Amino acid sequence: MSKLRDVIGFEVRRNLKKKSFWVTSFLPPIIVIVIITISVASGNNANKTNQQQASTFTQTHKLAVLDETGLINKQELTKQHIIIEPTEKTGIAAVKSDKISAFFYYPKNVVNAGIEIYAQDQGISFSSSYSTAATQLLKQNVITRVSLLAKNSQIVQLIQNDPTVTTTAYKNGKQTNGLAGIIAPGAFMLAFLVLLVLMANIMITATTEEKENRAAEILLTAIKSRTLILGKILSILSLGLVQLLVIIVPLLIAYVFFKSHITLPGGVSLSHIPLDPKVICFGVLFFVGGLLMFTGFLVGLSALFPSAQEAGRYLGPAFISAFIPIYTLSYIISSPHTLIVNVFTYFPLTAPTMALLQNAAGTLSTTQALISLAVVAVSATIAMTFAMRAFRYGAMEYGRRISIKELFQ
Amino acid sequence: MPNSVVSVESFAISFGHKQVVKDLSFNVNHGEVFGLLGANGAGKTTTIRTLLALLEPTSGKLLVNGQRYSPILSNTLGYLPEERGLYRNEVVLDTMIYFAVLHGLSKDEARSRALTYLKRVGLADKANERLVKLSGGQQQKIQLGVTILHEPSLMILDEPTEALDPVNRALLMDIINEQRSKGATVMLVTHRMEEVEQLCDRILLLKDGVAAEYGTIDEVKDSFGSQVISLNFSGKLPAHNKLYKVTKQLPHYAEIEWHKDVSTDEVLRFLAADKDLHLTTFEVRRPTLNDIFLDLYKDQGADNV
């Protein structure tokens, strides 16, 4: 146990001292900052687009409204062919039965309670347009009713600030999480792929370095190969955690201090991101299991090669397999039960990414998740056992690539 | 503590269809310097790797202090492998501490001993340098330090002087003697016979995976055969087939073997009487280990010896 701690300590410390580690760690947040800056710069343009979409909304979409504030002119609604619903229930039922595109509910205390939107899930592009249309409809009426100022105290607040908007999306009569539902589980998939890219070099050089430096033989007389490889894998995961923190900490700071200024794509409010425990749990398990499996797999295979350069040449295709499921995204959304999706869900090298993608898209059933998790767990165990054996027997084959067949002779 | 620190019994190992070592048995006793000798490919390194559980034997028993070696015993072992190196891009002191800690020292003790060692070998100012910045000779000193820092009771040195410069060779000899005087057992794998004659108590000569000779140096020399006369001279060495045969001849040096029914006095009288020869030395001696080694492996070609 103490030797395991010594290996982890040594490996983590020496990687943290490398400039290249920090360059690769800070690259993703820098890219994110650049993207956010560009987004903010083009924010006005996006707002204009949303407003244009919203202004033509009533012509292109069948809308219904229930106004309990008394601020919206009913004649105007009729003129724009907007249906007035008698109750909230009937409005929601109309959306569910696909009779209307969206139902805007303005509760009496709209300033505090916010606008509620019930709408057909039409993807990312329309999520923000619903929100803009509902807000615009209320604010245009408020401006024309300044004469009621003395009777309704909400008018001043509505002129000064937009009310909050919550959107509930439906697809084929069933409630979906819409864009907000993708964000939390999608973050696990993004973190998994980003870490895989950032850590690939460390994974490949983890064992080839000892071979290239002829240090393996002394090490193996001082420490069991099992302890050494486990120490290396855990140190890689620890370094991954450091890199993850480098990415997450600025985001957390941004969330804590600037959340009122940050609007995610599609007008999703950070405070309204759903955190379904089952979805989060699967996200964590596939994230950790996937990283363990790929680390064991890449560390083990690279132990068969005499140098990191040669290992990198051969391991590229295996590494790419983690990214292939992204190309099946359209199948995952439109027909998640097709053969290719199922194959990728249960094939070890594609299972983590595919399961994380399906988890984000909301198409991963519990049974599928459990089977895929079992595949990942078994594969991770096999990969780590293989890595230990490969290092144990491949470590002293200096300057020569050994075959898997030789390993088991 | 058993008297045999290393005990090898009926050891055999094969790689595929190739049998590298066959039925090998020997012991290394507590406190002795034992030489495991042989030409390249004789099976020396394979024997050491199997002894240290880096390879699995096909059959036989290989024990260290009465048990199969495992890294749990690493605090007792100082191993300098034939293929050796350290983390070239790491800091000298960190590397020495890491290996010493893996061999059972506490971090503080490892640091203190590493600094003392670096001072002893004149590298105190390099403690915080990366290994790759050091010269080849300096890196060799660090490698030796890593082998002995935890003061092992058994040192296994595989071709220790290979590629060492004379300064580091002298340092290694000092270290071996020092550790031996502290009671350590040393197992030396080499094909440098002059080192063996200087250091070893007992030797084993491996040939094609079997023990060709095993015992003290005297026993090996005795078992190997006849004495020779070595001559230093000027002029021309005469031939005399009835008295002796020349086994080695250089312009001013020769080795001759005399016939069984002839005495060395007769040979000396004959050579002294020759007007064309001026003898400067005439020595009757037993064969050196080098002679034995060359004779034993003469059929294996220069590349393997």
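These numbers come from a predicted model, not from an experiment. Here is the naming used below: chain letters follow the sequence lines, and residue numbers restart at 1 for every chain.
- Contacts of B:Gln139 with chain A are absent, with no heavy-atom separation under 4.5 Å from either backbone or side chain.
- Within a 6.0 Å radius of NZ in B:Lys22, other residues, nucleotides and ligands contribute more than 12 heavy atoms.
- Side-chain contact between A:Arg14 and B:Val91 is absent, with no heavy-atom pair separated by less than 4.5 Å.
- For A:Arg226, the CZ atom is loosely surrounded, since the number of other residues' heavy atoms within 6.0 Å does not exceed 12.
- Interface remark: B:Phe15 contributes no atoms to any contact with chain A (heavy atom separation under 4.5 Å).
- For the atom pair A:Leu219 CG and B:Tyr87 OH, the distance stands at 4.5 Å (nearest 0.5 Å).
- Here A:Lys211 contributes atom NZ and B:Glu83 contributes atom CD; the two are 11.5 Å apart, rounded to the nearest 0.5 Å.
- The candidate with the highest count of non-hydrogen atom pairs below 4.5 Å against chain B, out of A:Glu210, A:Glu209, A:Glu212, is A:Glu210.
- Distance check: B:Asp94 CG to A:Phe10 CZ gives 7.0 Å after rounding to the nearest 0.5 Å.
- A salt bridge between A:Glu217 and B:Arg49 is present, with a side-chain N of the basic residue lying under 4.0 Å from a carboxylate O of the acidic one.
- When every heavy atom of A:Ile218 is checked against every heavy atom of B:Gln143, the shortest pair comes out as CD1-NE2, 3.1 Å.
- Heavy atoms only, all atoms of each residue included: A:Asn213 and B:Leu86 are closest at CB-O, 3.1 Å.
- Residue B:Lys61 qualifies as open at atom NZ: its count of foreign heavy atoms under 6.0 Å is 12 or below.
- Summarising the geometry of B:Tyr98 relative to A:Asp6, their closest heavy-atom pair is CE1-O, 3.8 Å, with the distance given to 0.1 Å.
- Note: B:Arg130 CZ to A:Lys17 NZ = 11.5 Å, rounded to the nearest 0.5 Å.
- Checked against A:Thr221 for a side chain to side chain contact (heavy atoms under 4.5 Å, CB included), the options B:Leu102, B:Ile156, B:Leu73, B:Leu77 give a single hit: B:Leu77.
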